Amino acid sequence: QVQLEESGGGLVQPGGSLRLSCAASGDNFNVYTMGWFRQPPGKEREFVAAITSGGVTYYADSVKGRFTISRDTAKNTVYLHMSSLKPEDTAIYYCARRPLRGGVYYYTASYDYWGQGTQVTVSS
């Protein structure tokens with residue numbers, strides 16, 4: 001069984017930076033696209049970023065230039081480096097795995113395993 005566990009969330013001031021981690025276990029992490037999604041309070045889950053097994057990255061327009069997704073193959077871990085954080089970035093952030101032939105990278109339905117989420121709050 002695949003398990004994903006996010007960590008690194010917390011309270012940060014506007015303009016600050018934070019790094020989220022997602023540790024994967026239970027399967028061959030290296031062959032899958034990994035994604036980050038977020039769910040603001042009272043809203044539906046939305047795409048943030050994704051990275052393929054080959055290192056190709058994708059970002060939502062709202063985070064381009066501020067967030068960076070990366071992965072460490074040896075550690076089976078994917079990261080989301082966030083900078084210039086804004087209050088509207090406040091959300092629960094989820095890590096997810098996209099299977100081979102899993103569909104469009106920015107669709108939540110394209111991913112088959114999800115972590116429990118980690119809270120990010122951007123506030124003074």
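Keep in mind that this is a model prediction, so the values were computed, not measured.
Taking the ring centre of Y32 as origin, the terminal cationic atom of R71 falls outside the region bounded by 6.0 Å and 45° from the ring axis.
Looking at P14 and S124, their side chains come closer than 4.5 Å, going by heavy atoms from C-beta outward. Counting heavy atoms from C-beta on, the side chains of L4 and W114 never come closer than 4.5 Å.
No salt bridge links D89 with K86; every basic N to acidic carboxylate O contact stays at or beyond 4.0 Å. A salt bridge is defined here as a Lys NZ or Arg NE, NH1 or NH2 lying under 4.0 Å from an Asp or Glu carboxylate O, and D112 with R98 fails to meet this definition.
Taken to the nearest 0.5 Å, the CD1 atom of I51 stands 10.5 Å off from the OH atom of Y58. Atom-to-atom distance recorded for F47:CZ and Y107:OH is 12.5 Å, nearest 0.5 angstrom. Separating the CD atom in E46 from the OG1 atom in T108 is a distance of 11.0 Å, to the nearest 0.5 Å. Remark: E44 CD to R38 CZ distance equals 14.5 Å, nearest 0.5 Å. Atom CE in M34 sits 9.5 Å away from atom CG in N76 (nearest 0.5 Å). In this structure, SG on C95 lies 5.5 Å from CD on E6, to the nearest 0.5 angstrom.
Closest heavy-atom contact between T77 and S21: CG2-CB, 4.3 Å. The minimum heavy-atom distance between V48 and Y93, with the atom names listed, is CG2-CE2, 4.3 Å.
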Let's go through Q116 and Y94 carefully: what are the C-alpha distance in whole Å and the side-chain angles of both, what is the deciding distance for side-chain hydrogen bond (donor to acceptor under 3.5 Å, both in side chains) to 0.1 Å, and is it a yes or a no?
CA-CA 7 Å; Q116 82 289 345; Y94 297 91; over 6 Å; no

Intermediate values then yes/no, ring-ring contact (aromatic ring centres under 6.0 Å, His included), F67 and W36:
CA-CA 11 Å; F67 291 11; W36 285 97; 9.9 Å; no

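Of the possible polar contacts, one joining the Y111 side chain to the Y105 backbone as a donor-acceptor pair under 3.5 Å is found. For S84 (side chain) and R66 (main-chain N/O), no donor-acceptor pair under 3.5 Å exists by modelled atom type. With hydrogens and angles disregarded, no donor-acceptor distance shorter than 3.5 Å links the side chain of T90 to the backbone of T121. Although no hydrogens or angles enter the test, the distance criterion places no donor-acceptor pair under 3.5 Å between the side chain of T68 and the main chain of H81.
When the shell of 6.0 Å around CD of Q39 is examined, it contains more than 12 heavy atoms from other residues, nucleotides or ligands. More than 12 heavy atoms of other shown residues, nucleotides or ligands fall within 6.0 angstrom of atom CD in Q119.
Tested against V120, the residues I92, L80, L11, L20 include a single side chain to side chain contact (heavy atoms under 4.5 Å, CB included) partner, L20.
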